[in-house]
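Quick notes on the structure that follows.
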Amino acid sequence: TPVQQQAPAGAVGGAIGLRPESITVRASGNTPVVGQVDLVEALGAETLIYVSTPNGAQFVARQNERTNLHAGDAVSLDIDASQAHWFDTAGRIVACQHA
């Protein structure tokens, strides 16, 4: 995916760590990352949306407003890779692209 294409050389084949606020969930769209809502957790001032992708990756997105999404809904994810933590195949941090 385009997110993986942004990985630093040492992180190729490794993992990416993202904070929930770095992920935006959309009902559907043209983003390269798609998934299915597993759970919507309304916590008063914020909502957590748990999403699984077809390849088994799991994401948690945080937003400051309510949502009409429900478990089972197909969604697209916008990922802000500029906020990522990149890890090598041994789990060591390679790069943190934000301060």
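The closest side-chain donor-acceptor pair between Q58 and Y50, if any, does not fall under 3.5 angstrom.
The two residues P54 and G35 have their closest heavy-atom pair at CD-CA, 4.4 Å. For A61 against I23, the heavy-atom pair with the smallest separation is CB-O, 3.5 Å. Nearest approach of S22 to Q83, heavy atoms of both residues: OG-CB, 3.3 Å.
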Verdict with supporting geometry, T67 and V40, side chain to side chain contact (heavy atoms under 4.5 Å, CB included): CA-CA 8 Å; T67 181; V40 175; 3.6 Å; yes
Derivation and outcome, side chain to side chain contact (heavy atoms under 4.5 Å, CB included), residues L43 and E41: CA-CA 6 Å; L43 301 173; E41 187 174 13; 3.7 Å; yes
Worked check of side chain to side chain contact (heavy atoms under 4.5 Å, CB included) between Q63 and I49: CA-CA 8 Å; Q63 61 186 43; I49 304 169; 3.5 Å; yes
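The side chain to side chain contact (heavy atoms under 4.5 Å, CB included) with T24 is formed by just one residue from the set D78, V75, L77; it is D78.
Atom-to-atom distance recorded for E21:CD and E46:CD is 9.0 Å, nearest 0.5 angstrom.
Grouping the Ile, Leu, Val, Met, Phe, Trp and Tyr side chains by contacts below 4.5 angstrom, directly or via other members, places V60 apart from V25.
No donor-acceptor pair under 3.5 Å is formed between the side chain of S76 and the backbone N or O of V34.
Shown here are the side-chain contact (heavy atoms from CB on, under 4.5 Å) partners of T53, two or more places apart in sequence or in another chain: V33, N55, A57, F59.
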